[in-house]
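Here's the structure we're looking at; comments come further down.
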Amino acid sequence: MLLPLSAVAVRSMDGGLSGFWQAVSGPEARSALELTFLISLIVVAINALAGTLIAWVLVRDRFRGMGTVNAVIDLPFALPTIVAGLTLLALYGPRSPVRIDVSYARVGVAMALLFVTLPFVVRAVQPVLMELDRDMEDAAVSLGASGRQVFARIVLPNILPAILSGIALAFARAIGEFGSVVLISGNLPFKTEVASVFIFGRIESDNVTAAAAVSVVLLVASLLMLAAIGAAARWGGRHEL
Amino acid sequence: MSIEVTAVRKTFGDFVAVDGVTFAVRDGSLTALLGPSGSGKSTLLRLIAGLEAPDAGRVVIGGADRTDTPARNRDVGFVFQHYAPFKHMTVRDNVGFGLRIRKVPRDRIRARVAELLELVHLEGYADRYPSQLSGGQRQRMALARALAVEPRVLLLDEPFGALDATVRKELRAWLRRLHDEVHVTTIFVTHDQEEAMEVAEQIVVMNEGRIEQIGTPRDVYERPASEFVMGFVGPVTRVGDAAVRPHDLDVRTTPAAGAVEAMIERVVHLGFEVRLELVTGDGLPISAQITRQAAEELELRNGQIVYVRPNRLLRAVA
């Protein structure tokens with residue numbers, strides 16, 4: 001695990017610290033990194049909401065076809081990302097059957113990332129919601145709480161660590177996503193080129209140091225997310241009975 | 001406040017949980033809903049609280065029909081079987097929850113919470129989390145939380161069910177004293193007849209969604225309304241055709257009018273009492289319970305022939 005990671009880190013330092021800095025702060029690299037982090041943030045925020053909502057419906061509601069919906073949630077996990085990218089291009093590309101063309105646009109990048117990161121929050125929140133003591137909600141109701149108050153004061157505080165953990169996982173995935181993005185984004189520098197595609201491009205043009213430098217930025221961000229997930233789990237379990 | 005439940009029915013799919021139940025408890029009383037698991041007693045409690053909606057029937061609290069009042073407006077204090085502590089809140093915030101919902105000023109909440117924690121003997125635990133409390137402490141916290149909003153009635157679902165035997169005994173006596181202090185109309189659910197007898201003034205015996213008998217502890221024990229009640233509230237043994245409590249049998253070593261001859265199979269010493277396992281000439285078992293003193297005077301031993309006669313018969317009233 002650590003060997004390839006340290007190899008990348010060492011490689012990124014080929015030109016010394018200043019070389020590293022130059023590589024990541026070059027206008028194209030910076031633009032790609034900024035775009036990656038910004039879109040990832042937006043996408044993860046949307047999926048935090050949508051994922052929590054879906055988890056809620058899957059746990060609390062009973063409807064026909066629920067099993068299917070539950071299974072389909074995992075599709076982005078199983079689907080090769082390049083296939084996902086191709087599907088998105090076919091559906092929302094220049095020859096879109098629904099006449100929505102988001103190819104070569106940032107919206108397209110966002111759509112791809114929304115697709116691949118959807119399951120993370122759902123799957124993080126779902127088990128916690130299932131385990132949640134329903135009597136707690138009944139107790140709050142009998143003490144006079146409205147449905148909204150029950151959610152805000154009882155349910156949300158108890159599922160928040162799981163939501164945050166799902167967010168961290170989704171974010172880690174989003175910043176490194178390549179396959180689903182590469183086709184629909186068109187990889188226009190300063191417009192739709194994300195960090196992973198930038199890295200790919202640098203390798204292609206034999207600028208390994210720049211590729212490694214940007215990789216290290218992504219790597220550090222991923223490690224931070226990993227730490228955040230651990231912290232969220234500890235925080236979530238702090239008052240377990 | 002008084003509670004009147006009239007012809008209440010509740011089904012879950014094909015299962016009839018509560019099947020046309022009618023009963024009333026008067027203001028300030030302490031009532032036990034007693035029955036085996038699946039008898040519908042917990043469902044009935046949830047129906048009174050408004051946590052379930054009945055398929056038919058009315059629930060009247062303090063003279064006002066509350067059948068269609070949502071649970072959050074019923075002013076009913078409910079203590080759940082596993083106490084349902086808000087595990088992400090301190091004891092103080094748990095107890096003050098209902099008051100915060102009612103937008104009571106902060107300093108008043110603080111004062112009231114302190115008062116309640118004293119009442120349930122949890123002073124000094126205000127800043128703890130439920131995970132840092134024992135079972136008995138969690139239960140008392142749940143009780144304080146329910147009492148904080150000054151409910152019209154207090155409902156407790158198996159309040160002692162999850163506790164170990166010694167804590168149970170302590171809490172029973174304590175609940176009894178608390179009721180004398182607070183005087184809020186209280187109904188609690190239990191499957192333990194001893195608990196119901198010890199704590200309640202009135203017992204409602206339930207079986208299969210229906211009420212079998214309503215009465216004082218003494219009533220249901222001595223004058224059971226049905227075979228079911230007879231067997232559920234205490235031990236029953238049969239002498240000939242008569243059903244009798246084992247301690248209502250006279251045991252002697254000489255024949256007497258109306259006495260049945262039996263042989264002692266086993267003498268079981270239970271501390272202050274002695275249980276005799278007897279068998280009649282027809283091979284029917286009889287169980288008798290006598291004092292240790294009586295057993296010593298009779299010098300009872302295994303294989304001995306004795307004569308037993310009921311001194312008080314149990315008869316189903318209905």
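When reading the values below, keep in mind they use all heavy atoms of this one structure, side chains included, and skip hydrogens, waters and symmetry mates.
- Note that the CZ atom of A/Arg238 and the NE2 atom of B/His88 stand 9.0 Å from one another [nearest 0.5 Å].
- Looking only at side-chain heavy atoms (C-beta outward), B/Ile101 and A/Leu143 stay at 4.5 Å or farther from each other.
- Residue A/Met136 holds its CE atom at 8.0 Å from CZ of B/Phe86, rounded to the nearest 0.5 Å.
- Rounding to the nearest 0.5 Å gives a distance of 12.0 Å between OH of B/Tyr83 and CG of A/Asp135.
- The contact between B/Arg102 and chain A is made entirely by side chain atoms (from C-beta outward), counting heavy-atom distances below 4.5 Å.
- Proximity to chain A is limited to the backbone of B/Val76, based on heavy atoms less than 4.5 angstrom apart.
- Within 6.0 Å of CH2 in A/Trp235 there are more than 12 heavy atoms belonging to other residues, nucleotides or ligands.
- Looking at B/Arg46, only its side chain comes within 4.5 Å of chain A, counting heavy atoms on both sides.
- Comparing B/Pro151, B/Ser131, B/Gly77, B/Ala49 by heavy-atom pairs within less than 4.5 Å of chain A, the highest count is held by B/Ser131.
- No other option in B/Val79, B/Val149, B/Leu99, B/Leu51 has as many heavy-atom pairs under 4.5 Å with chain A as B/Leu51.
- A 4.5 Å side-chain heavy-atom check between A/Arg153 and B/Arg100 finds at least one atom pair inside the cut-off.
- With a threshold of 4.5 angstrom between heavy atoms, B/Phe97 approaches chain A through side-chain atoms but not through N, CA, C or O.
- Within 6.0 Å of atom OH in A/Tyr92, 12 or fewer heavy atoms from other residues, nucleotides or ligands are found, so the atom counts as exposed in its surroundings.
- Atom CZ of B/Arg108 has 12 or fewer heavy atoms from other residues, nucleotides or ligands within 6.0 Å.
- Rounding to the nearest 0.5 Å places OG of A/Ser146 at 10.0 Å from CG of B/Asn73.
- Residue contact with chain A, scored on non-hydrogen atoms closer than 4.5 Å, involves the backbone of B/Ala146 exclusively.
- In this structure, B/Glu118 places its CD atom where only 12 or fewer heavy-atom neighbours from other residues, nucleotides or ligands lie under 6.0 Å away.
- Inter-residue side-chain proximity for A/Asp138 and B/Phe78 is flagged as unmet; no heavy-atom pair is nearer than 4.5 Å.
- Put simply, the side chain of B/Lys87 reaches to within 4.5 Å of the side chain of A/Asn158, judged on heavy atoms.
- When heavy atoms are compared at a cutoff of 4.5 Å, A/Asp133 approaches chain B solely by way of its side chain, counted from C-beta outward.
- Contacts between A/Glu240 and chain B at a heavy-atom distance below 4.5 Å involve backbone atoms as well as side-chain atoms.
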